[in-house]
Chemist: 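One structure, as structure tokens, below. Some questions next.
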Amino acid sequence: VGEGNQIPKRRGKLKQGEDRGKAVSGGCRWCRRWWSVPSVVVGTVGGLRREQRSREWLHRAPHVEVPVPSPKRDEILVKIEAASINPVDWKLQKGVARPFLPFKFPFIPVADIAGEVVEVGPGVKNFKAGDKVVSILKAFSGGGLAEFAVAKGNLTVTRPPEVSAAEGAALPIAALTAHEALTETAGIKLDRTGPRKNILITAASGAVGHYAVQLAKLGNTHVTATCGARNIDFVRSLGADEVLDYKTPEGEALTSPSGLKYDAVIHCTTGIP
């Protein structure tokens with residue numbers, strides 16, 4: 001993948017203050033682009049951790065003004081009122097996905113947004129200027145941490161008046177993750193037509209977890225949930241049938257207090273780098 005599918009050559013050490021691009025010759029275009037980022041290191045490449053390299057680069061990356069984008073066919077231009085940051089966003093900002101992401105610069109992170117439609121492109125029939133909406137942008141292309149962003153019409157919904165911009169922006173990625181886990185992986189029918197299932201949801205007070213509890217209760221389910229002690233009442237208010245404090249022996253064992261065997265586990269506590 002890259003020019004001629006070449007394997008990047010081994011990087012040489014950089015001298016104090018030397019530009020990274022001088023340490024690489026040949027290799028694929030992605031690796032050359034990463035190591036040719038115009039920044040200055042404070043020692044040798046081998047002596048710097050990935051986080052340090054990313055931090056050095058971020059401090060020296062130029063900040064630029066970009067024009068307001070124009071919506072193309074089936075797109076809308078949104079004046080952003082709120083945006084939410086997901087793990088994929090801070091990972092991209094930290095440089096975890098380099099040299100493959102971001103695809104190009106300047107890069108504006110964040111995919112979950114809420115705002116007001118100011119212009120619609122050709123072919124858009126469901127929205128008009130002035131509509132309050134919630135949209136999900138392409139995660140790897142971003143655009144949410146800005147004043148305006150272009151969103152696909154088929155990835156946008158109208159925001160009800162009772163839902164604030166902040167609440168709407170917190171919805172897309174987290175709620176869709178919970179929805180996919182429940183319906184596609186666990187096989188739960190949210191219209192309550194399916195067989196009754198016993199579900200365990202860990203980290204039920206978190207972003208994905210608290211949506212998972214509410215969505216699961218739309219189906220024919222018995223929900224056992226785990227969370228911290230301070231959030232037990234909150235998780236119960238979402239509809240969980242049983243709530244365990246994960247720091248107690250019972251919570252660590254993840255055993256249903258009523259002795260039920262789980263049909264599926266929605267595990268939301270996996271560590272992230």
Chemist: Between His179 and Leu190, does a side-chain contact (heavy atoms from CB on, under 4.5 Å) hold up when you go through it step by step?
Modeler: CA-CA 9 Å; His179 186 277; Leu190 302 186; 3.8 Å; yes

Chemist: At their closest point, which heavy atom of Pro172 faces which heavy atom of Ser135, and how far apart are they?
Modeler: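 Smallest interatomic distance, heavy atoms only, reads CG-O, 3.9 Å.
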
Chemist: With heavy-atom distances below 4.5 Å as the criterion, would you say the side chains of Val64 and Pro106 are in contact?
Modeler: yes

Chemist: Count the heavy atoms belonging to other residues, nucleotides or ligands that lie under 6.0 Å from CD1 of Ile85, then report whether that count exceeds 12.
Modeler: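 Not buried by this count: 12 neighbours or fewer within 6.0 Å.
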
Chemist: Can you establish whether the number of heavy atoms outside Lys79 located under 6.0 Å from its atom NZ is more than 12?
Modeler: no

Chemist: Pair Leu254, Thr226 - check side-chain contact (heavy atoms from CB on, under 4.5 Å), show working.
Modeler: CA-CA 8 Å; Leu254 301 177; Thr226 70; 3.7 Å; yes

Chemist: To the nearest 0.5 angstrom, please state how far the NZ atom of Lys152 sits from the CG atom of Leu137.
Modeler: 11.5 Å

Chemist: Mind checking whether Ile266 and Ile199 have side chains closer than 4.5 Å, heavy atoms only?
Modeler: yes

Chemist: Is the number of heavy atoms from other residues, nucleotides or ligands under 6.0 Å of Tyr246 OH greater than 12?
Modeler: no

Chemist: Are more than 12 heavy atoms from other residues, nucleotides or ligands located less than 6.0 Å from atom CZ of Arg230?
Modeler: no

Chemist: Does atom CD (Glu65) have a neighbourhood of more than 12 heavy atoms from anything else shown, all under 6.0 Å?
Modeler: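 Result for CD/Glu65: open.
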
Chemist: Mind checking the NZ-CG spacing from Lys189 to Asn220? Nearest 0.5 Å is all I need.
Modeler: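 One finds 12.0 Å between NZ of Lys189 and CG of Asn220.
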
Chemist: State whether the side chain of Asn198 and the backbone N or O of Lys261 hold a donor-acceptor pair below 3.5 Å, judged by distance alone.
Modeler: yes

Chemist: With a 4.5 Å heavy-atom cut-off, do Thr224 and Asp241 have their side chains touching?
Modeler: no

Chemist: Would you say Ser256 and Glu242 are linked by a side-chain donor-acceptor pair, where the criterion is simply a distance under 3.5 Å?
Modeler: yes

Chemist: If you count every heavy atom of other residues, nucleotides or ligands that lies below 6.0 Å from Lys217 atom NZ, does the total exceed 12?
Modeler: yes

Chemist: Between the main-chain N or O of Asp245 and the side-chain N or O of Thr248, is there a donor-acceptor pair closer than 3.5 Å?
Modeler: yes

Chemist: According to a 4.5 Å side-chain heavy-atom criterion applied to Ile, Leu, Val, Met, Phe, Trp and Tyr, with indirect links allowed, do Val213 and Leu244 form part of one hydrophobic cluster?
Modeler: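 Different clusters.
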
Chemist: Do Asp112 and Asn86 have side-chain N/O donor and acceptor atoms under 3.5 Å apart?
Modeler: yes

Chemist: Quick one, Val110 and Ser84 - any side-chain contact, counting heavy atoms below 4.5 Å?
Modeler: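 In short, these two side chains do not touch, never coming nearer than 4.5 Å.
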
Chemist: Determine the sole option in Ile188, Thr221, Thr177 for which the side chain to side chain contact (heavy atoms under 4.5 Å, CB included) test with Leu182 is passed.
Modeler: Ile188

Chemist: Give, for atom CG of Leu218 and atom OG1 of Thr183, the distance between the pair rounded to the nearest 0.5 Å.
Modeler: 11.5 Å

Chemist: Would you check if there is a donor-acceptor pair between the side chains of His267 and Thr269 at a distance under 3.5 Å?
Modeler: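 Side-chain D/A pair, Thr269 to His267: present.
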
Chemist: Side chains of Leu176 and Ile136: does their closest heavy-atom pair fall under 4.5 Å?
Modeler: yes

Chemist: Does this structure show an ion pair linking Arg159 with Glu81, if we count only N-O contacts that are shorter than 4.0 Å?
Modeler: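 Here Arg159 pairs with Glu81 in a salt bridge, since their nearest N and O are under 4.0 Å apart.
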
Chemist: Look up atom SG in Cys268 and atom CG in Leu200, then write down how far apart they are to the nearest 0.5 Å.
Modeler: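 Rounded to the nearest 0.5 Å, the SG-CG separation comes to 9.5 Å.
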
Chemist: I'd like to know whether Glu75 forms a side-chain contact (heavy atoms from CB on, under 4.5 Å) with Ser70, so could you lay out the CA-CA distance, the side-chain angles of the two residues, the decisive distance to 0.1 Å, and finally the verdict.
Modeler: CA-CA 9 Å; Glu75 293 180 338; Ser70 298; over 6 Å; no

